[in-house]
There are 2 protein chains.
Amino acid sequence: MLEEGYPSVTSRRVAARAGLKPQLVHYYFRTMDDLFLALFRRGAELGLQRWAAALEAGQPLWALWDLSRDPRGTALTMEFTALGNHRKEIRAEIGAASARYRTVLFEGIRAAFERYGVDQERYPPMICSVLMTSLSTFLVLESEMLGLTAGHDETVALVEDFIRQLEGERRHPPEGVPSA
Amino acid sequence: MLEEGYPSVTSRRVAARAGLKPQLVHYYFRTMDDLFLALFRRGAELGLQRWAAALEAGQPLWALWDLSRDPRGTALTMEFTALGNHRKEIRAEIGAASARYRTVLFEGIRAAFERYGVDQERYPPMICSVLMTSLSTFLVLESEMLGLTAGHDETVALVEDFIRQLEGERRHPPEGVPSA
DNA sequence: GTCTATACTTCGATAGAC
DNA sequence: GTCTATCGAAGTATAGAC
């Protein structure tokens with residue numbers, strides 16, 4: 001799916017990679033939509049658990065920022081979004097999952113700001129969560145899918161300077177984020 | 001392409017909508033990739049002209065902001081990006097076009113900031129252009145494709161307050177931006 | 001569960017008449 | 001330019017034997 005896009009995920013190719021016959025795919029999932037739905041649900045659940053765990057860590061802001069910058073998650077989300085664009089059931093599922101992620105992020109930022117004594121009038125957690133999500137999504141999109149990196153480093157530095165002021169130096173290296 | 005995604009754009013359906021036979025599509029474009037490439041080039045060129053024109057207007061920041069928030073442009077870009085994900089020729093074309101858009105935006109912001117006497121150490125035009133593009137892209141993506149709008153209004157207000165301080169009230173209503 | 005067999009659809013692309 | 005005719009490939013999905 002990541003390599004060739006969702007249209008390339010066909011019952012025949014799925015079966016081939018599993019070393020089985022295409023008909024078995026239909027035996028287990030009936031339709032391809034069911035398969036995509038199951039795939040998405042599993043991935044979303046897994047990711048959400050990771051995000052929840054990040055909040056328990058000693059540096060929640062670093063953890064959330066690094067997680068949201070993981071290219072694999074973003075690339076898959078984009079692919080599913082494109083797929084969901086004309087499958088309303090899948091689209092609804094993605095919408096629901098995105099809303100849950102957003103809530104986790106918002107609550108995480110709000111709690112962290114509270115703990116660090118950040119002025120929440122000046123830095124509203126909701127706006128911060130939107131900016132953080134949009135920026136991380138876009139950076140991955142542009143660099144991974146288009147090969148453009150103009151201005152990325154400076155913008156990343158801006159965010160990370162802010163986090164550094166609150167949580168100090170990052171103690172756990174990010175996963176999957178190149179050159180960070 | 002916007003309604004059902006790029007995989008639904010087939011020679012047969014293109015021909016049907018043009019009231020012609022599918023073979024004529026191949027006569028004019030040979031392959032479907034050629035068709036997509038031609039389509040993208042025309043759209044990119046058209047959009048770029050609009051952006052360039054926006055810089056000449058009396059309120060370049062408002063114009064750039066409103067243009068970048070036009071859902072149609074973003075949705076098409078996303079669709080082409082997904083398509084380009086497994087057609088390297090198209091991917092390169094999108095990358096080149098995106099770089100040009102970014103340059104126009106950056107230069108526009110830089111010139112405007114200079115004119116308005118903005119402290120460019122405090123508000124680096126390159127970072128502003130990245131933030132602006134990422135935010136507008138993401139807002140469209142989330143609201144149009146997933147139906148999520150949590151935190152959108154507040155974040156938009158933040159940006160528009162900033163622009164308002166520099167250029168005053170918006171004098172030309174935006175095109176295609178819902179509820180703005 | 002896993003297989004064979006198969007029906008049906010849609011696609012990209014080419015050849016050749018007019 | 002536009003058409004008819006056509007090929008071969010790939011897709012989703014079902015029925016039924018083992």
Side-chain angles (χ1 to χ4, degrees), chain A residues 1-46 75-95 97 145-146, chain B residues 1-46 75-97 145:
Chain A
M1 192 160 175
L2 283 177
E3 292 157 6
E4 307 184 53
Y6 72 88
S8 296
V9 179
T10 69
S11 51
R12 282 179 159 81
R13 299 178 71 167
V14 168
R17 200 169 286 201
L20 300 169
K21 296 292 169 182
Q23 295 87 336
L24 269 188
V25 174
H26 294 289
Y27 172 76
Y28 283 111
F29 296 97
R30 232 185 70 81
T31 72
M32 288 305 288
D33 278 14
D34 289 342
L35 185 150
F36 281 118
L37 216 47
L39 185 61
F40 178 78
R41 286 208 181 104
R42 198 189 64 167
E45 197 56 44
L46 214 75
L76 265 181
T77 300
M78 289 312 309
E79 207 61 48
F80 274 114
T81 303
L83 170 62
N85 213 352
H86 40 287
R87 313 282 178 98
K88 72 168 194 289
E89 201 182 355
I90 293 178
R91 179 191 146 120
E93 192 78 18
I94 301 171
M145 300 176 88
L146 298 181
Chain B
M1 191 162 177
L2 283 178
E3 291 157 8
E4 307 185 52
Y6 71 88
S8 296
V9 179
T10 68
S11 53
R12 284 177 158 83
R13 298 178 70 166
V14 167
R17 200 168 287 202
L20 300 170
K21 296 292 168 180
Q23 296 85 334
L24 269 190
V25 175
H26 294 289
Y27 172 76
Y28 283 111
F29 296 98
R30 231 184 70 81
T31 73
M32 289 305 288
D33 278 15
D34 289 342
L35 184 150
F36 281 119
L37 215 47
L39 185 61
F40 177 79
R41 286 209 179 103
R42 199 189 62 167
E45 197 55 45
L46 215 73
L76 264 180
T77 301
M78 290 312 310
E79 208 60 48
F80 274 114
T81 304
L83 169 63
N85 213 353
H86 39 285
R87 314 282 176 98
K88 72 169 194 286
E89 200 182 355
I90 293 178
R91 179 189 147 119
E93 192 77 18
I94 301 171
M145 300 175 88

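Numbered from 1 within each chain, the chains take letters A, B, ... in sequence-line order.
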Just jot down the side-chain contact (heavy atoms from CB on, under 4.5 Å) partners of A:S11, sequence neighbours excluded, or say none. A:V25, A:H26, A:M32
Can you measure from CG (B:L76) to CE (B:M78) and round to the nearest 0.5 angstrom? 11.0 Å
Listed in order of residue number, which residues of residues 1-21 of chain B have a non-hydrogen atom at under 4.0 Å from DNA chain D? B:K21
Kindly write out the residues that satisfy side-chain hydrogen bond (donor to acceptor under 3.5 Å, both in side chains) with A:R13, not counting sequence neighbours, or none if the list is empty. A:E4
With sequence neighbours excluded, give me every side-chain hydrogen bond (donor to acceptor under 3.5 Å, both in side chains) pair touching residues 82-95 of chain A. A:Y6-A:H86, A:D33-A:R87, A:R41-A:E93
Would you please name every residue forming a side-chain hydrogen bond (donor to acceptor under 3.5 Å, both in side chains) with A:Q23, sequence neighbours left out? none
Could you report the tightest heavy-atom contact between B:P7 and A:P7, atom names first, then the distance? CG-CG, 3.7 Å
Less than 4.5 Å apart, any side-chain heavy atom of A:Y28 and any of A:D34? no
Partners passing ring-ring contact (aromatic ring centres under 6.0 Å, His included) against A:F40 (at least two apart in sequence or in another chain): A:F80
For the student: nearest non-hydrogen atoms of B:G84 and B:I94, plus distance: CA-CD1, 4.4 Å
Check every nucleotide of DNA chain C for an atom under 4.0 Å from a heavy-atom of chain A, then give the first and the last such nucleotide from 5' to 3'. C:dG1 to C:dA5
Mind listing the residues from residues 29-43 of chain B sitting with a heavy atom below 4.0 Å of DNA chain C? Number order is fine. B:R30, B:T31, B:M32
For A:Q23 and for A:Y27, locate the closest nucleotide of DNA chain C by heavy-atom distance; then report the residue assigned to the nucleotide nearer the 5' terminus. A:Y27
Residues forming a side-chain hydrogen bond (donor to acceptor under 3.5 Å, both in side chains) with A:R30, sequence neighbours excluded: none
